[in-house]
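What's counted below: heavy atoms across the whole structure, side chains too, no hydrogens, waters or symmetry copies. Keep in mind that this is a model prediction, so the values were computed, not measured. Ligands are counted one by one from 1 in listed order, and the atoms in each one are counted from 1 as well.
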Amino acid sequence: SMLQRLAATLRRPAAVPLAAAVRCISSGSVDITVPLNYWAGKRWTSKEKCNKENVYEPATGRVLCHLEPCGAVEVDEAVEAAKSAFGHWSKMSGMERARIMIEAAHIIESRREEIAEMEVVNNGKSITEARLDVDSARLCIEYYAGLASTLAGQHVQLPGGSFAYTRREPLGVCVGIGAWNYPFQIAAWKSAPALACGNSMVFKPSPVTPVTAVMLAEIYAEAGAPEGLLNVVQGGQETGSLLCHHPDVAKVSFTGSVPTGKKIMEMASKGVKPVTLELGGKSPLLIFQDSDLENAVRGALMANFLSQGQVCSNGTRVFVQKNILPEFVEEVVKRTRAIEIGDPLLESTRMGALVNQPHLEKVLSFVDQAKKEGATVLLPCILLANTINDLNTMTCVKEEIFGPVMSVLSFETEEEVLQRANNTTMGLAAGVFTRDVMRAHRVVEHLKAGSCFINNYNITPVEVPFGGFKMSGIGRENGQVTVEHYSQLKTVFVEMGDVDCLF
Ligand SMILES: NC(=O)c1ccc[n+]([C@@H]2O[C@H](COP(=O)([O-])OP(=O)(O)OC[C@H]3O[C@@H](n4cnc5c(N)ncnc54)[C@H](O)[C@@H]3O)[C@@H](O)[C@H]2O)c1
């Protein structure tokens, strides 16, 4: 397969042969030496070499590559490249933009395995999940390619034959700032709607996972996008704040934690720039006694253990109605024990590595704390809260852990569980399992969360808007509505008669 990959690389003359920098795809043996900054159609090494940072392979703890954070000069160059691309791209028709985006989607499909492997090596999730992330990225680009040609304004008739019309115009250079849990998918979920609307983008991945966003930038270029359409600058908070403050940046779309999201909003406010914020969560999953138990257990696993639990929308507070608690716990523990944990590049693995050692320690300290606060630890990753009193105070029930830790809580009535489910400052997602159709919709109506699931959890079809209530964010990604977050309306008044002058 090494030969196949090499052959695939040779068939891609425009792209930097990343695979050539990789000796062999197995955990512990990958070195990435190509530069990871990308603008104006080229990969760049940083001018500020002294600031190099190590990037680790989660599965082994080995150094995978070095991050070269971009400073002010480089951020300026990337924004300049994006401005220049915007000039061409924004003048193309939606159909023309769509053709290039569809071509990019084809290239992603043909390089699915290579991208997924790089995601695994840099992020630690299982290859099975990484493939689905690549698919989601491709579907998102296909979806917005489809919408690109539908963007249009309105015609409004005014008195005396006069009229007005609206034009849906792009914003300009948009900035995307990503988290480390879905590196390639986040880059696609942000760039696809931005580009479809005629914007260009400078994207900054998390410094923990810098590898795959640049592959996406190269893919757009290979698909025929103008130079500078999607640019990638590497770095942490300094680079991020340079982007947010940049006078030529029109919008910031951010995925990450609540504290950083607040800072982003504050920085953007200095330039009165719109923001999209996809932040954290502490989402509830409500399992009623009339549920199909088998599906409810599956739902709870999907709500907690994807991507080693490092998912913003995870339903980490699993409320189970008292009568079925013993059965539920038995089944969920049994199925959790059976999860194949191991080398994320192996086909059989279902749970890989947490993103790095400090994060692992943080997650484990939540489990320790829960023990001290009186939780029963059924497995390292399933906490059973024992009394109602505990529930209101336990740290594991209040704070986002962002790891494979499910807290199981029992409840008696619908009213009670709704009150407890909504008792959080966040509101990204929520789920309900019940066979009672009336109850399902009634409960969902009362849940204060942006994405609600009935009898399933954590599915994210790109046709459907995704985003949070309360402190979980502002704006939406995916779905038709996101077009409104990456474009602005211009209203044009047209006078067909004389000016009715008051003076
Ligand atoms: N709602 C969603 O769609 C979603 C998706 C994935 C992750 N998340 C959330 O992200 C968090 C985990 O990701 P993380 O640890 O990478 O989050 P983070 O907030 O630490 O970092 C996110 C990004 O912001 C950058 N950044 C940090 N400080 C900055 C600053 N001052 N100015 C500009 N940029 C700055 C980081 O370099 C990184 O690229 C969790 O809270 C999770 O719930 C949300």
Enquirer: Hey, is the main chain of Gly28 close enough, under 3.5 Å, to the side chain of Glu57 for a donor-acceptor pair?
Expert: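 Looks like yes, one N/O pair under 3.5 Å.
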
Enquirer: When you measure from the side chain of Gln488 to the backbone of Pro170, do you find a donor-acceptor pair of N or O atoms at a distance under 3.5 Å?
Expert: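 Checked: pair present.
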
Enquirer: According to salt bridge (charged side-chain N to carboxylate O under 4.0 Å, His left out), does anything in residues 471-485 pair up with another residue at least two apart or in another chain? List the pairs.
Expert: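 Sorted result for residues 471-485: Lys190-Glu477.
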
Enquirer: Give every residue pair that meets the salt bridge (charged side-chain N to carboxylate O under 4.0 Å, His left out) criterion with at least one member in residues 298-320, sequence neighbours excluded.
Expert: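 Applying salt bridge (charged side-chain N to carboxylate O under 4.0 Å, His left out) to every pair that reaches into residues 298-320, excluding sequence neighbours, yields Glu294-Arg298.
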
Enquirer: What residues come within 4.0 Å of ligand 1, counting heavy atoms only?
Expert: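 Residues Ile177, Gly178, Ala179, Trp180, Asn181, Lys204, Pro205, Ser206, Pro207, Gly236, Gln237, Gly240, Ser241, Phe254, Thr255, Gly256, Ser257, Thr260, Lys263, Ile264, Met267, Glu278, Leu279, Gly280, Cys312, Glu400, Phe402, Leu428, Phe466 each place a heavy atom under 4.0 Å from ligand 1, listed by chain and number.
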
Enquirer: Using atom types as modelled and distance alone, determine if a side-chain donor or acceptor of Arg43 lies under 3.5 Å from a backbone N or O of Pro35.
Expert: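 Yes, because the side chain of Arg43 sits within donor-acceptor range (under 3.5 Å) of the backbone of Pro35.
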
Enquirer: Return all side-chain donor-acceptor pairs below 3.5 angstrom for residues 426-434, not counting sequence neighbours, or 'none' if the list is empty.
Expert:
| unit_1 | atom_1 | unit_2 | atom_2 | d |
| --- | --- | --- | --- | --- |
| Thr434 | OG1 | Asp290 | OD1 | 2.7 |
| Thr434 | OG1 | Asp290 | OD2 | 2.9 |
| Thr434 | OG1 | Asp436 | N | 3.0 |

